[in-house]
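All remarks here apply to the structure that follows.
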Amino acid sequence: MSDHVNDRVSIEALTALRTALAAHGITLPSLDLHLPSYAGRHGSPPLITLGNCSAATAQRIAAALAQP
C-alpha cells in the first residue's frame, strides 16, 4: 500500500465509509479505491468506487441517510 499523502486521504475516507455503513448493517462488496485514479498521479486523492448494490441495500442506505 502506498504511503503518499493523497492515497492516505482516500484510504482513511474509504475506511470511515465502510465503518459507517457497517454500523447500519450495510456492506457494499465493491467499495474500494478506484484503481485507475489510484494508479495515476494527478495531484489529488484517488477516487472511491462505491460499486453496485441491490435494491434492498439501496433502500437501507437511503433509510440510514434519512435518520437525523
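The analysis underlying the following values was restricted to heavy atoms, covering all of them including side chains, and did not include hydrogens, waters or symmetry mates. No experiment lies behind these values; they were computed from the predicted model shown.
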Leu47 backbone acceptor or donor facing Ser10 side chain under 3.5 Å: no
Pair listing, side chain to side chain donor-acceptor pair (under 3.5 Å) test, anchored in residues 57-68, at least two apart: Ser54-Thr57
Ala64 to Ile26 - nearest heavy-atom pair and separation: CB-CD1, 4.4 Å
Pairwise distance CG(Leu28) to CD1(Ile61) - rounded to 0.5 angstrom: 4.5 Å
Residue from Asp7, Val5, Leu33, Asn6 passing side-chain contact (heavy atoms from CB on, under 4.5 Å) with Pro45: Asn6
Compile the donor-acceptor pairs under 3.5 Å between side chains in residues 11-25 and protein atoms, sequence neighbours left out, one pair per line.
residue: Thr15; atom: OG1; partner: Ile11; partner atom: O; Å: 2.9
residue: Arg18; atom: NH2; partner: Leu31; partner atom: O; Å: 2.6
residue: Thr19; atom: OG1; partner: Thr15; partner atom: O; Å: 2.9

